[in-house]
Amino acid sequence: MDKVIVAENLSLAYSSDETIIKKVNFSINSGEFVFVTGASGSGKSTLLKSLYGALKPKEGSLVVGGVELKGVSSKKLNFLRKHIGIVFQDYKLVKEWTIEKNIMLPLIISGYDKTVTQNQVDSLLKHVRLKHQAGKYPLELSGGEQQRVAMARALAHNPILILADEPTGNLDEYSSQLIWNLLEGANQQLKTTVIVVTHHIPETMTIDYKHFHIEYGEIHAVN
Amino acid sequence: MQSIKNHLSLVVALLSILFSIQIFTIVDRSIEAYKEKLAMNYSMVVVSQKNLKTKELRKQHKLISYLEKLSPDSIIKKLDTGMSAKNIDFLKLTLPKFYKIKLTHFPTPSELEKLKKSILQIKGVKKIESFETTHNTTYKLLLLFKTVISTFSFAMIVVTVLLIFKELRIWQFKHNERMNIMGLFGAPVWLRSAVLFRLSIVDAFIASILGFVMFSIISSNKWVLDQFKTIGIEVVIFDPIFDFLFLLVIAVIVSILLATFIVLGHKEEV
């Protein structure tokens, strides 16, 4: 199986005096569903940030989708990000854009033509059950609806990898279940690799998954 | 509503820059027009033993427009105490020649000094009366007026630039979020900044059009036109093509600079 992520002796830090992740080794295969858990401040989100290149490795090597992120150029990083879908706890939607335009964003960046973009957005809006809200702005929606928009945006460009940082952290049970279903669906139907950083793995998970736990800057494979 | 408010803050700042520049331009044009008027009314008197010609003098100094011979009759009349016609003719021949010199434009004190020196070098020229004191007072008054207006315009531009920098910080905060989000999905810098540049160019156009309307109204205002008539000059207050294009270019440059500062100051959130 192809490896989507390979980390070797990877250390991550925000400043030179404090290392958050210390010389860890792990790899993730294409099509896997991975949970990363750990206590608050353990470095889960830090690890996720490094996977989309927002935080560069301090030491060691980190290869994502065939791109070495240590000393990566902005051109290569932009290329990689065009193949990644990211979901955040705080949604990170552009407030002055409509729901439709927010979902279009990765397609516009990747240079898809207008018809393809519109068809894809229509189908995603149906998929996340927000077709009737297309013209609204993010702040007019509930938290659960906003996260579904963020999910649709993450899926829009058929990414090879979806990274989700506590995607259900702010949601009620019903909305959380919808998000988990969407993530499972992307993994099962589209064979997209999914990495989710979370405090708790939902009990309702119906698919096989890999579980990493971070403690004291080290990563342990739980299963 | 919020969007209009955001546009308005930059448009108002740009408009006050354009206003200062146009006011300065109007004052500059008025001073030039007034200088021309002064030059038309101003002349020097040259006393020479031999005849002088305009061509000859113009060779000496380009500032000279033309030369006019003054008749000695009025002087002779004052001296006339029953002289015979023969004696008067003789007197006319022995009297030096008086010339009035007209200039192309109103000279600065240093130009006037140079001109006097070069005329005095001409053979036969004995004396020049330049009415320096009157000239210098008028010129200094003009300069003072120009300096006051320039200082006022400069101060207004400085205050506006400070306002724009404050606006820049708000824009930076506002656009950083969108630029960060676009960056997360691999948008290159030009695409992340495109909205910002488009917005600033739109604002520059709005400010220029408002400036155009404002100065078109001012330039056709009767009271304003009367003020210029009172001082006897005609000035183009606002040229709808040249001045508009000039203001538009200034507004576009300022807003593009503003957008560039924001893009350069943008740092990806970690």
Side-chain angles (χ1 to χ4, degrees), chain A residues 12-15 20 45-46 48-56 65 67 72-88 90-97 101-112 137-139 149-150 153-157 159 161-163 165, chain B residues 1-14 166-206 255-256 258-270:
Chain A
L12 298 170
Y14 291 103
S15 61
I20 312 286
S45 296
T46 304
L48 205 77
K49 280 175 186 171
S50 74
L51 297 179
Y52 60 84
L55 185 67
K56 305 282 182 314
V67 176
V72 67
S73 67
S74 52
K75 201 177 170 184
K76 266 194 176 172
L77 188 60
N78 284 340
F79 170 78
L80 172 68
R81 285 178 178 180
K82 282 179 189 169
H83 297 91
I84 299 177
I86 316 173
V87 183
F88 296 93
D90 60 352
Y91 329 122
K92 290 208 190 301
L93 299 173
V94 182
K95 291 178 195 81
E96 58 269 31
W97 288 356
K101 194 170 176 189
N102 267 285
I103 299 173
M104 270 180 198
L105 178 66
L107 298 163
I108 295 169
I109 292 169
S110 297
Y112 281 84
Y137 290 88
L139 294 179
V149 175
R153 182 182 62 184
L155 293 167
H157 50 311
L161 174 66
I162 290 178
L163 303 173
D165 190 2
Chain B
M1 193 62 199
Q2 188 60 32
S3 161
I4 294 171
K5 213 174 150 189
N6 290 336
H7 273 289
L8 208 65
S9 45
L10 182 65
V11 167
V12 167
L14 282 173
K166 198 180 160 227
E167 186 60 22
L168 182 129
R169 292 180 105 187
I170 299 167
W171 270 41
Q172 214 154 20
F173 176 74
K174 196 173 154 270
H175 293 282
N176 256 354
E177 191 186 19
R178 192 197 59 247
M179 284 165 83
N180 266 327
I181 294 169
M182 291 179 83
L184 289 173
F185 288 89
V189 175
W190 69 264
L191 189 60
R192 285 181 232 178
S193 330
V195 178
L196 188 61
F197 279 103
R198 202 180 60 212
L199 273 177
S200 44
I201 288 171
V202 165
D203 285 1
F205 269 90
I206 295 173
S255 51
I256 283 182
L258 174 73
T260 309
F261 279 132
I262 294 173
V263 172
L264 292 178
H266 168 73
K267 276 182 190 151
E268 194 174 71
E269 214 177 86
V270 179

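Each chain gets a letter, A, B and so on, in the order the sequences are listed, and its residues count up from 1. Owing to the predicted nature of the structure, the values given are computational and were not obtained by experimental measurement.
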Rounded to the nearest 0.5 Å, how far does CZ of A:R153 lie from CZ of B:F185? 4.0 Å
Other residues, nucleotides and ligands only: do more than 12 of their heavy atoms fall within 6.0 Å of CZ on A:F79? no
Between A:I86 and chain B, which part of the residue has a heavy atom less than 4.5 Å away: side chain, backbone, both or neither? both
Region of A:L80 that comes under 4.5 Å of a non-hydrogen atom in chain B: neither
Greatest number of non-hydrogen atom pairs under 4.5 angstrom with chain B, of A:K75, A:R81, A:K95, A:K82, falls to A:R81
Reported CG-to-CZ distance for the pair A:N102 and B:R178, which is rounded to 0.5 angstrom: 11.5 Å
Check each atom of B:L191 against the heavy atoms of chain A and say whether the ones under 4.5 Å are side chain, backbone, both or neither. side chain
Heavy-atom pair of closest approach, residues B:I181 and A:K92: CD1-O, 3.3 Å
Given side chains that start at C-beta, do those of A:E96 and B:V195 come closer than 4.5 Å, heavy atoms only? no
Measuring heavy-atom distances to chain B, does A:F88 have an atom under 4.5 Å in its side chain, in its backbone, in both, or in neither? side chain
A:H83 versus chain B, heavy atoms under 4.5 Å apart: side chain, backbone, both or neither? neither
